[in-house]
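Encoded as structure tokens, the structure appears first; notes follow it.
Proteins come first, then strands; the chains are lettered A, B, ... in the order of their sequence lines, and each starts at number 1.
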Amino acid sequence: MKQKSFFREHWGACVAVPVVFALIAFGILALLSYSFLSPYAGLVQVFMNESEEEEGPRDLMADLEQMEQNETTEPETPDASKEDTIPMSSITMPKEGDRYGTITVGGTAISCPLYYGSSNASLNRGAGTFSNNLDVGIPGRGRTIFIMGHNHTFFSDLRHAEVGQKVTIKTHYGTYIYKIVDMKPVDYEDSSAYDLSRKEENLILYTCYPFSELGFTRQRYFVYCDYVSGPQIDPTR
Amino acid sequence: MKEKKREKNNRSVKQYKGASLPWSLGMAFLTSLLLAVFASLVVIYFTAGNEEYMKQSAEDGEFGAHVYQILSENYTSYSAASGFDKQVLLGPVSPDRINEDIKASIDEIYNGDGKLDSRENVKEEIYNAMEADAVRQGVEVTDSVKEALQMTAEYCRYDYMNYVAIPLASQISIIVHKLDRVLWIGLLLMALFTLAALFLTFRLAGGGGIGLRFLSYSFITATILSFVFGNLIYPMLKLEQLSLNPASIKRFLLCYVEGLFRMFNTVGLVFAAISIILVGFSVLMPRIRRLSHVRY
């Protein structure tokens, strides 16, 4: 009788009953969701990032440049002048979009930031390092380094590159020097112009050709360089 | 003798006239579930079933501005490769135009078959802008130059076509058309079921003030469920972590889904208003009845 009066007369029932109803409803919903959706939970995870905010491109040169500005003496970096190899574990490997160096081509006006990856965003800000192939590398990895830039902006002066001139790549983990050994224009579909599977360090610079042509062109200009100096990255350490 | 009879009558008035309490509570609970399902259908009707909602989501997600930012980056790169100022390539494109074009794509999903617009007009406008600029630069527009400009304009068109589009538009269009047919019937049937459940709850509880009180239980529960759906489910889904590119589509999707869940709050407010009215009547009715008894 007491119970009846609670449900039909007591004010508290207007709160307690709906809350209990809602909890039961959510319990049912949770049970149904678990039964029907749990098999797909793994699939959903595939489309989810681990972190809520995806990390944007980093400027790996910022610290080095800051140190150079603050110190009058040469900054302490794992450089070729001091070491032949550097452990891979001691350097921050660049990710897509990171600025990780600068490139200077001797005898030309080319001196620009170097980015990892060749997205439009990277090529708008400097030269880009091709990263869409497991065989290509970054300076010090003992592979082919494939660097590209736009013919009307950062690599417009590649036309003045000559055999024997030096190409300097300064990265956040060391300075590398290469020597130009050859150059030629080729058709954009000619894949024989480069060998990305080479197992010794070499550098290829690349841009659209002819340099001053309007619109997208069908030729590319390749500059081939041999490795001269710079610390090799030791992947075992 | 007369006194005894009156006492018996009074007792019968007080005595509960409806079904047993568990049945009444069970029915009230079932009604609250039906109200929640009905609310879900109403929300779907005003969101997924409504092209204006999708257009509004595109606007709220700043789709035009986001896509313009991406296109600006790409076209800047193309201009650096083709020898034009970036404004030449970007001239025919603007956030407003992107918004208008994406709205037209949404119309195509709801009123057509979701066919992808190839955006040939964008290509033509960009080509004309480049050709005019080449002439202005004093360059002779030969056939090879025309071909090079066509190639550049084609890249621009391709980007515009891909970024100013709803992914899986034709598949969404099929679902939307099916939904359009089924939703009305679903809403009508659910409305009938819900009305029947409300009537049964009222009758099983014994009608009058007590019946209204049990109805208020159903509506208050539906209010709680609506507000929980409107405010807690979306954050629990953690859709911000969704790995979806480009960012413009991700932002658009998040706005769409968030708005869909927020719509439950509006339905919750309607349920809350009905609950207040029902509670008010359930309090007033016995008093009115008592007053009418005294007068009688």
Parallel, tilted or perpendicular: ring planes of A/Tyr178 versus A/Tyr176, cut at 30 and 60 degrees: parallel
Tell me which of these, A/Ile24, A/Val15, A/Leu29, A/Ile28, has more heavy-atom pairs under 4.5 Å with chain B than the rest. A/Ile24
Against chain A, label B/Ala28 side chain, backbone, both or neither, depending on which of its atoms sit under 4.5 Å from a heavy atom there. both
The interface call for B/Leu232 against chain A, heavy-atom contacts under 4.5 Å, is neither
Checking B/Met130 against chain A: side chain, backbone, both or neither under 4.5 Å from a heavy atom? neither
Between the side chains of A/Ser131 and A/Glu96, is a donor N or O closer than 3.5 angstrom to an acceptor N or O? yes
Heavy-atom cut-off 4.5 Å, strictly under: side chain, backbone, both or neither for B/Glu154 against chain A? neither
Given a strict heavy-atom distance threshold of 4.5 Å, which part of B/Gln150 is in contact with chain A: side chain, backbone, both, or neither? neither
What part of A/Leu214 gets within 4.5 angstrom of chain B, counting heavy atoms only: side chain, backbone, both, or neither? both
Between B/Tyr155 and B/Tyr158, is the ring centroid distance below 6.0 Å? no
Flag the pair A/Asp226 and A/Lys179 as a salt bridge only when some basic side-chain nitrogen lies within less than 4.0 angstrom of an acidic carboxylate oxygen. no
Let me know if B/Leu33 has heavy atoms under 4.5 Å from chain A in its side chain, its backbone, both or neither. side chain
Is it the side chain or the backbone of B/Phe229 that comes within 4.5 Å of chain A heavy atoms, both, or neither? side chain
Aromatic centroids of A/Phe216 and B/Tyr78 separated by under 6.0 Å: yes
For the residue pair B/Thr152 / B/Ser82, report whether a side-chain donor-acceptor contact shorter than 3.5 Å exists. no
If you count heavy-atom pairs within less than 4.5 Å of chain A, which of B/Val279, B/Val141, B/Val228 leads? B/Val228
Between A/Thr217, A/Thr153, A/Asn151, the one whose heavy-atom pairs under 4.5 Å with chain B are most numerous: A/Asn151
Less than 4.5 Å apart, side chain to side chain, heavy atoms only: is that true for B/Glu131 and B/Lys146? yes
B/Leu25 portion near chain A, given a 4.5 angstrom heavy-atom threshold: both
Using a strict threshold of under 4.0 Å (side-chain N to carboxylate O), is an ion pair present between A/Arg141 and A/Glu201? no
